[in-house]
Amino acid sequence: MTGAAWAASNFASSTHASLGDDALKDFDNAAWVADLPGPVGRRWVERIRAIRLADRLSEEKELRPRSLRSAGHGLPALEILGAQDDEGAAAVRAAWARYLAALRAYQRRDLRVATLADHRTMLERLSGSLFQLFPFLLPRQREAIRGFGALDQFFNNLRDLAEDAAHGICYFPEDALARAGLRREQVTGDGWRAAPGWRKLMRHWIGEYLPGLERGAARFDACGDLHPSLERMRRECRSRYARILHLYRAVDFDFQLFAGEYWREVRSRAEPAGAAVTRAG
């Protein structure tokens, strides 16, 4: 999916014997937030809750400009962002507005992305803006993290390819599909399995397109004075990206097989963690 599911604040309360898809994504993306010390963890949870709320409103087709005030939920945007007293409050407000606008633009089943350049713009507008909402960022880090957020969106879309295809959603740009001799309907259906262009597309996607996104993330990778929670976030993201790439190559880019294997492994880690949270509560 797009920016949805970058949230851990509801993980403990939603954990049960059989974790749902959203709870598994929460765990995969942000279970590490639960390890942060009290005041630091609360700052992260404040931001994550705001992101989760925006995602849910968007998924329910309720997102409108007035949602900047969290209409119907009684929480002004600055309160749920926890940004009233931040030195970077204006930058957070601007990133929040960009993220909401991106959700309205891209969270659509009928979305068509024309070119690779359009696709990169989508990544930057979505998670590029989302990552700028994270707490403890210095001004120069908030600008640098935009490229890292775009990279994260790439990997989340790659991870969720089977789920999106099942819902008729395809984020591959039309020009990349055409160069591989593929049609959108082959990706959202089952035609990709017999299409010789599928592996050509994936080799281009990972071998040629991804390195450009990595170059865009290099500025944030080079930041050596990050708050410890941001260092943890960066490390956990990098670990997730490596797992995704390793498994995709192991299954020869079969995204259906990837999904089964990947989420089985995530579930094996998440359910014991959830059981421990439940017992502790």
Side-chain angles (χ1 to χ4, degrees), residues 1-6 29 51 54-55 58 91 94-134 137 140-165 167 169-184 186-188 192 197-223 233-234 237-238 240-242 244-245 248 253 255:
M1 305 295 285
T2 56
W6 214 108
N29 284 321
I51 293 164
D55 291 340
S58 180
W96 180 240
R98 286 193 299 271
Y99 183 58
L100 293 182
L103 287 178
R104 288 193 293 271
Y106 298 116
Q107 194 99 312
R108 307 196 320 264
R109 292 182 186 274
D110 63 348
L111 179 69
R112 298 290 192 279
V113 181
T115 68
L116 277 170
D118 293 333
H119 185 271
R120 182 153 186 171
T121 297
M122 178 184 73
L123 302 183
E124 291 173 351
R125 289 184 64 191
L126 282 165
S127 284
S129 300
L130 184 158
F131 272 48
Q132 289 183 312
L133 296 171
F134 292 168
L137 285 165
R140 68 181 182 280
Q141 295 166 352
R142 181 168 281 110
E143 182 56 35
I145 203 173
R146 192 169 179 85
F148 195 82
L151 181 67
D152 190 81
Q153 186 72 63
F154 172 91
F155 275 105
N156 276 356
N157 286 356
L158 189 61
R159 180 197 64 185
D160 298 341
L161 186 52
E163 177 189 353
D164 290 337
H167 288 94
I169 300 169
C170 176
Y171 292 117
F172 289 112
E174 300 291 339
D175 61 351
L177 290 170
R179 280 197 295 270
L182 292 168
R183 301 186 311 278
R184 183 180 186 279
Q186 289 175 288
V187 178
T188 57
W192 59 273
W198 173 249
R199 286 166 182 79
K200 178 180 178 181
L201 172 66
M202 294 303 290
R203 285 193 294 270
H204 167 76
W205 205 241
I206 291 174
E208 298 179 40
Y209 183 46
L210 174 57
L213 296 175
E214 287 283 8
R215 287 190 291 273
R219 284 181 61 198
F220 186 68
D221 281 328
C223 290
M233 178 276 297
R234 185 172 61 184
C237 284
R238 282 294 179 186
R240 175 162 44 89
Y241 306 160
I244 291 169
L245 281 180
Y248 253 105
F253 305 119
F255 62 79

**Q** Begin from the C-alpha positions of Arg219 and Glu143 and carry the test side chain to side chain contact (heavy atoms under 4.5 Å, CB included) through to its verdict.
**A** CA-CA 9 Å; Arg219 284 181 61 198; Glu143 182 56 35; 3.9 Å; yes

**Q** Can you find a heavy atom in the side chain of Leu161 that is under 4.5 Å from one in the side chain of Tyr171?
**A**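 Not touching, per the 4.5 Å side-chain cut-off.
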
**Q** Rounded to the nearest 0.5 Å, what separation is found between the CG atom of Leu210 and the CG atom of Leu158?
**A**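 The distance works out to 8.5 Å.
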
**Q** For the residue pair Trp198 and Phe172, categorise the inter-ring angle as parallel (less than 30°), tilted (30 to 60°) or perpendicular (more than 60°).
**A**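 Trp198 vs Phe172 ring planes: perpendicular.
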
**Q** So which heavy atom on Ala144 is nearest to which on Cys223, and how close?
**A**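 Result for this residue pair: CB-SG, 4.2 Å.
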
**Q** Taking the side chain as everything from C-beta on, heavy atoms only, tell me whether Arg240 gets closer than 4.5 Å to Asn156.
**A**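 Heavy-atom side-chain distance check passes, below 4.5 Å.
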
**Q** Among Arg184, Arg109, Gln186, whose side-chain contact (heavy atoms from CB on, under 4.5 Å) with Cys170 holds?
**A**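 The single option meeting the side-chain contact (heavy atoms from CB on, under 4.5 Å) with Cys170 is Arg184.
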
**Q** Ring-plane angle category for His119 and Tyr209, please: parallel below 30°, perpendicular beyond 60°, tilted otherwise.
**A**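 Correct class here is perpendicular.
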
**Q** Going by ring pair (Phe, Tyr, Trp, His ring centres under 6.0 Å), name the residues that satisfy it together with Tyr248, two or more places apart in sequence or in a different chain.
**A**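 Residues passing ring pair (Phe, Tyr, Trp, His ring centres under 6.0 Å) with Tyr248: Phe258.
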
**Q** With a 4.5 Å limit on heavy-atom distance, are the side chains of Leu123 and Leu151 in contact?
**A**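 The answer is no, as the side chains (C-beta and beyond) never meet within the 4.5 Å cut-off.
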
**Q** For Arg203, check side-chain contact (heavy atoms from CB on, under 4.5 Å) against everything at least two apart and list the hits.
**A**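 With sequence neighbours excluded, Arg203 shows a side-chain contact (heavy atoms from CB on, under 4.5 Å) to Arg199, Lys200, Phe253, given in chain and number order.
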
**Q** Evaluate the side-chain proximity of Met233 to Ile145: yes if any heavy-atom separation is below 4.5 Å, no if none is.
**A**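 Yes - at least one pair of side-chain heavy atoms lies under 4.5 Å apart.
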
**Q** Verify the neighbour count for atom CZ of Arg234: are there more than 12 heavy atoms of other residues, nucleotides or ligands below 6.0 Å?
**A**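 Counting neighbours around CZ of Arg234, more than 12 heavy atoms of other residues, nucleotides or ligands fall under 6.0 Å, so yes.
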
**Q** When you measure from the side chain of Arg159 to the backbone of Ile244, do you find a donor-acceptor pair of N or O atoms at a distance under 3.5 Å?
**A**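 Not at all, since once roles are kept as given, no pair shorter than 3.5 Å links the two residues.
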
**Q** Do the non-hydrogen side-chain atoms of Tyr106 and Val113 ever get within less than 4.5 Å of each other?
**A**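 No, too far: nothing below the 4.5 Å cut-off.
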
**Q** Can you find a heavy atom in the side chain of Trp205 that is under 4.5 Å from one in the side chain of Leu116?
**A**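 Yes, side chains in contact.
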
**Q** Between Ile169 and Leu111, is a side chain to side chain contact (heavy atoms under 4.5 Å, CB included) present by the stated rule, with each step listed?
**A** CA-CA 7 Å; Ile169 300 169; Leu111 179 69; 6.0 Å; no

**Q** Of all the heavy-atom pairs spanning Asp152 and Cys237, show the shortest one and how long it is.
**A**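 In this case the closest contact between Asp152 and Cys237 is OD1-SG, 3.7 Å.
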
**Q** Strictly by salt bridge (Lys or Arg N to Asp or Glu O under 4.0 Å), give each pair with a member in residues 113-127 just once, sequence neighbours left out.
**A**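 Qualifying pairs, neighbours excluded: Arg120-Glu124.
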
**Q** Any chance you could measure Phe154, atom CZ, to Leu126, atom CG, to the nearest 0.5 Å?
**A**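 Result: 15.0 Å between the selected atoms.
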
**Q** Report the distance from atom OG of Ser127 to atom OH of Tyr99, rounding to the nearest 0.5 Å.
**A**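 Rounded to the nearest 0.5 Å, the OG-OH separation comes to 6.0 Å.
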
**Q** Is the shortest heavy-atom distance from the side chain of Phe255 to the side chain of Trp192 under 4.5 Å?
**A**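 When only atoms from C-beta onward are counted, Trp192 and Phe255 do touch, with a gap below 4.5 Å.
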
**Q** Could you tell me if the side chain of Leu201 sits less than 4.5 Å from the side chain of Leu177, heavy atoms only?
**A**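 Side chain of Leu177 against side chain of Leu201, heavy atoms only: contact under 4.5 Å found.
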
**Q** I would like to know whether Leu137 and Phe131 meet side chain to side chain contact (heavy atoms under 4.5 Å, CB included); could you show each step before the answer?
**A** CA-CA 10 Å; Leu137 285 165; Phe131 272 48; over 6 Å; no

**Q** Which heavy atom of Ile206 sits nearest a heavy atom of Pro211, and at what distance?
**A**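 What the structure gives for the nearest pair is O-CD, 3.5 Å.
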
